[in-house]
Structure formats: C-alpha cells, structure tokens
Amino acid sequence: MWNKDTIFKALDDSTRRLILDELSERNEMTLYELTARLIMKHNLTISRQGIAKHLSVLEDAGLVISKRKGKYRVLMFSNEPLKNLLEGWID
C-alpha cells in the first residue's frame, strides 16, 4: 500500500507537519489559502513554490490529496496512510 519510509520522511519536516495541521483543521484549501495561513498564523517565511515542494513530498506519501474544483486545485489531508502505518503497533 503506502511506503512507510516515505511517510516517515514526509513527517520528518516541521513545515510539512504544520501543513498537515492546517489541512486537518480546515480541509480543502487552495495553495494560496494554505500559504497565507502558514505565513500569518505561524510566521513562516516561505514562498508558494516552497510550500508546493513540501506538498509534493506529502502527496508522494499519500498524506495530501489534491483535486480540481472548478478553476482551482484544492488540497486535502488524508489520514489513511497514518492509520495504515500504525496498524499492528496500536490496536
């Protein structure tokens, strides 16, 4: 299913964990909305391109899903890889 090493690598970065926090709090955000929240709420100095690179790692791990909604691409948090990762360790 999902590669555990890829998931752990994605979770290793504090910015990526903040992205997941924001998406789990308010699902279906555009890249622009996510960037604005990260900058305003967490005082991050990061560009949309920088966040897009982090999102690519998170998508590869299955933790973020993006889909088209009209003319925008929305980002959503997916906790399925985390459930799968902990299965067997936590019952």
Side-chain angles (χ1 to χ4, degrees):
M1 195 113 178
W2 289 282
N3 182 312
K4 290 181 180 186
D5 290 336
T6 305
I7 296 168
F8 278 118
K9 182 180 181 244
L11 295 172
D12 186 43
D13 185 275
S14 61
T15 300
R16 289 195 281 269
R17 289 191 305 273
L18 279 177
I19 289 169
L20 293 178
D21 287 345
E22 288 302 318
L23 288 174
S24 69
E25 191 176 294
R26 183 173 168 242
N27 219 359
E28 291 200 9
M29 279 192 271
T30 64
L31 178 58
Y32 178 80
E33 291 169 323
L34 178 60
T35 303
R37 282 177 70 100
L38 289 169
I39 290 170
M40 290 169 25
K41 220 171 138 184
H42 303 284
N43 296 317
L44 286 184
T45 52
I46 191 168
S47 65
R48 275 192 295 194
Q49 293 81 4
I51 292 174
K53 286 181 183 177
H54 284 298
L55 285 168
S56 176
V57 173
L58 291 167
E59 282 190 81
D60 288 346
L63 296 166
V64 169
I65 299 167
S66 66
K67 70 175 184 181
R68 270 244 177 269
K69 239 188 180 177
K71 63 179 182 174
Y72 298 103
R73 181 164 295 285
V74 293
L75 306 161
M76 295 164 288
F77 172 62
S78 171
N79 64 5
E80 285 303 313
L82 295 176
K83 288 179 184 176
N84 181 264
L85 182 69
L86 297 177
E87 203 174 90
W89 286 345
I90 300 173
D91 289 322

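Worth knowing before you read on, the calculation uses all heavy atoms, side chains too, and leaves out hydrogens, waters and symmetry mates.
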### Query
Given side chains that start at C-beta, do those of Leu23 and Met29 come closer than 4.5 Å, heavy atoms only?
yes
Q.
With clusters defined by side-chain heavy atoms of hydrophobic residues (ILVMFWY) lying less than 4.5 Å apart, directly or transitively, does Phe8 cluster with Leu58?
A. yes
Scanning both residues in full, the closest heavy-atom pair of Lys71 with Arg68 reads O-NH1, 3.4 Å
* Asked: Run the side-chain contact (heavy atoms from CB on, under 4.5 Å) check on Ser78 and Leu63 step by step: do they pass?
  -> CA-CA 5 Å; Ser78 171; Leu63 296 166; 5.8 Å; no
Quiz prompt | Within one Ile-Leu-Val-Met-Phe-Trp-Tyr cluster: Leu31 and Leu18, side-chain cutoff 4.5 Å | solution = yes
Shortest non-hydrogen pair, Ala61 vs Ile7, comes out as O-CG1, 3.7 Å
Nearest heavy-atom contact between Asp5 and Asn3 is N-OD1, 2.8 Å
Any His54 side-chain heavy atom under 4.5 Å of Ile46 side chain: yes
Query - Neighbour count >12 (heavy atoms, 6.0 Å) for atom NZ, Lys41 - result: yes
Heavy-atom check, side chain of Glu22 versus side chain of His42, under 4.5 Å: yes
Rounded to the nearest 0.5 angstrom, the CD1-OG1 distance for Ile51 and Thr35 is 3.5 Å
Only residue of Leu11, Leu82, Asn79 satisfying side chain to side chain contact (heavy atoms under 4.5 Å, CB included) with Leu20 is Leu11
- prompt: Is it the case that one hydrophobic cluster holds both Val74 and Leu34, taking links as side-chain heavy atoms less than 4.5 Å apart, direct or via other members?
  reply: no
Contacts satisfying salt bridge (Lys or Arg N to Asp or Glu O under 4.0 Å) that involve residues 12-21 (not counting sequence neighbours) are none
What one should report as the nearest heavy-atom pair of Glu28 and Glu33 is O-OE1, 4.2 Å
Evaluate Met76 against Ser66 for side-chain contact (heavy atoms from CB on, under 4.5 Å), listing each step before the verdict.
CA-CA 6 Å; Met76 295 164 288; Ser66 66; over 6 Å; no
Side-chain contact test, heavy atoms from C-beta onward, threshold under 4.5 Å: evaluate it for Thr30 versus Leu75 and give yes or no.
no
* Connected via hydrophobic side-chain network under 4.5 Å: Val57 and Val64 -> no
Notebook entry, point to check: Would a distance-only check, ignoring hydrogens and angles, find a side-chain to backbone donor-acceptor pair under 3.5 Å from Asn27 to Phe77?
Noted result: yes
OG1 of Thr15 to NZ of Lys53, rounded to nearest 0.5 Å, is 13.0 Å
